[in-house]
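The sequence lines fix the lettering, A, B, ..., with proteins before strands; numbering per chain opens at 1. All values below were derived from every heavy atom in this structure, side-chain atoms included, with hydrogens, water molecules and symmetry-related copies excluded.
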Amino acid sequence: MPCWLMKSEPDEFSIRNLEELGYSRWDGVRNYQARNFLRAMAEGDLFFFYHSSCATPGIAGIGRITRAAYPDPTAIDPNSAYFDMKAKAEKNPWSAVDVGFVERFDTVLTLPQLKSHPALSQLPLVQKGSRLSVMPVGEAEWHVILAMR
DNA sequence: GCCAACGTTGGC
DNA sequence: GCCAACGTTGGC
């Protein structure tokens, strides 16, 4: 089963928000490479929930894909912060998935911790300058990260 | 708040 | 198709 990592700013949407809600739509992705990964996801895939742009950037928990990619409604909603003028209902280039809560880590697995592990050096997350917000995680990497929690 | 790195836009 | 300018991401 493919595994993933997705970034969210916890001020916007955190692992606690997902825990409280139980499920959510994962929308607002506006990068083609990240969108293509969204489209490669299947129901049942697991992902690491990463907190970015915050006091302690790192992996905060685990979620599950509960619905495969579909057109992102926020792209055609003028009231949404993610509205895209160029998107139309009949031609919407952006995708969203639905996700469910799986687990919240007791403590965030911090970016420096992740960077310190040699087995994770190929993960785009830890590479210099990488801004990719949705990325695949290899099975070996997945288990390494799980063991670090 | 700063700024390096990246992706996108648009003139040519 | 090139590439400079711009806007955004995201760690620090």
For this session: Identify, with sequence neighbours excluded, every residue that meets side-chain contact (heavy atoms from CB on, under 4.5 Å) alongside A:Ala119.
Result: A:His117, A:Val144

Problem set entry | Contacts of type side-chain contact (heavy atoms from CB on, under 4.5 Å), residue A:Arg104, not counting sequence neighbours | A:Ile15, A:Arg16, A:Glu19, A:Phe101

For this session: Please report, rounded to the nearest Å, how far the P atom of B:dT8 is from the CG atom of A:Asn31.
Result: 6 Å

Problem set entry | Distance, rounded to the nearest Å, where A:Leu132 contributes CG and C:dG10 contributes P | 9 Å

Interface polar pairs with nucleotides 1-5 of chain B, N/O, under 3.5 angstrom:
from  : atom 1 : to       : atom 2 : distance (Å)
B:dA5 : OP1    : A:Lys128 : NZ     : 2.7
B:dA5 : N3     : A:Arg131 : NH1    : 3.2

For this session: State the OG-CD distance between A:Ser133 and A:Gln33, to the nearest 0.5 angstrom.
Result: 9.5 Å

Exercise. Quick one: side-chain contact (heavy atoms from CB on, under 4.5 Å) partners of A:Ala69, sequence neighbours excluded?
Worked result: A:Arg39, A:Ser95, A:Val97

Exercise. OH of A:Tyr32 versus P of B:dG7: gap in Å, rounded?
Worked result: 14 Å

Exercise. In whole angstroms, how far is the P atom of C:dT9 from the CG atom of A:Leu111?
Worked result: 18 Å

For this session: Grab the CG-P distance between A:Leu125 and B:dC6 for me, whole Å please.
Result: 14 Å

Seminar exercise, completed: A:Gln127 CD to B:dG7 P, in whole Å, measures 12 Å

Exercise. Considering residues at least two apart in sequence or located in another chain, which fulfil the salt bridge (Lys or Arg N to Asp or Glu O under 4.0 Å) criterion with A:Arg149?
Worked result: A:Glu103

Problem set entry | Separation of atom CE in A:Met85 from atom P in B:dT8, rounded to whole Å | 18 Å

Exercise. Can a side chain N or O of A:Lys7 be found less than 4.0 Å away from OP1 or OP2 on C:dT8?
Worked result: no

Seminar exercise, completed: Residues passing the side-chain contact (heavy atoms from CB on, under 4.5 Å) test with A:Thr66, sequence neighbours excluded, are A:Asp98

Problem set entry | Rounded interatomic separation in angstrom, taking CD from A:Glu9 and P from C:dT9 | 7 Å

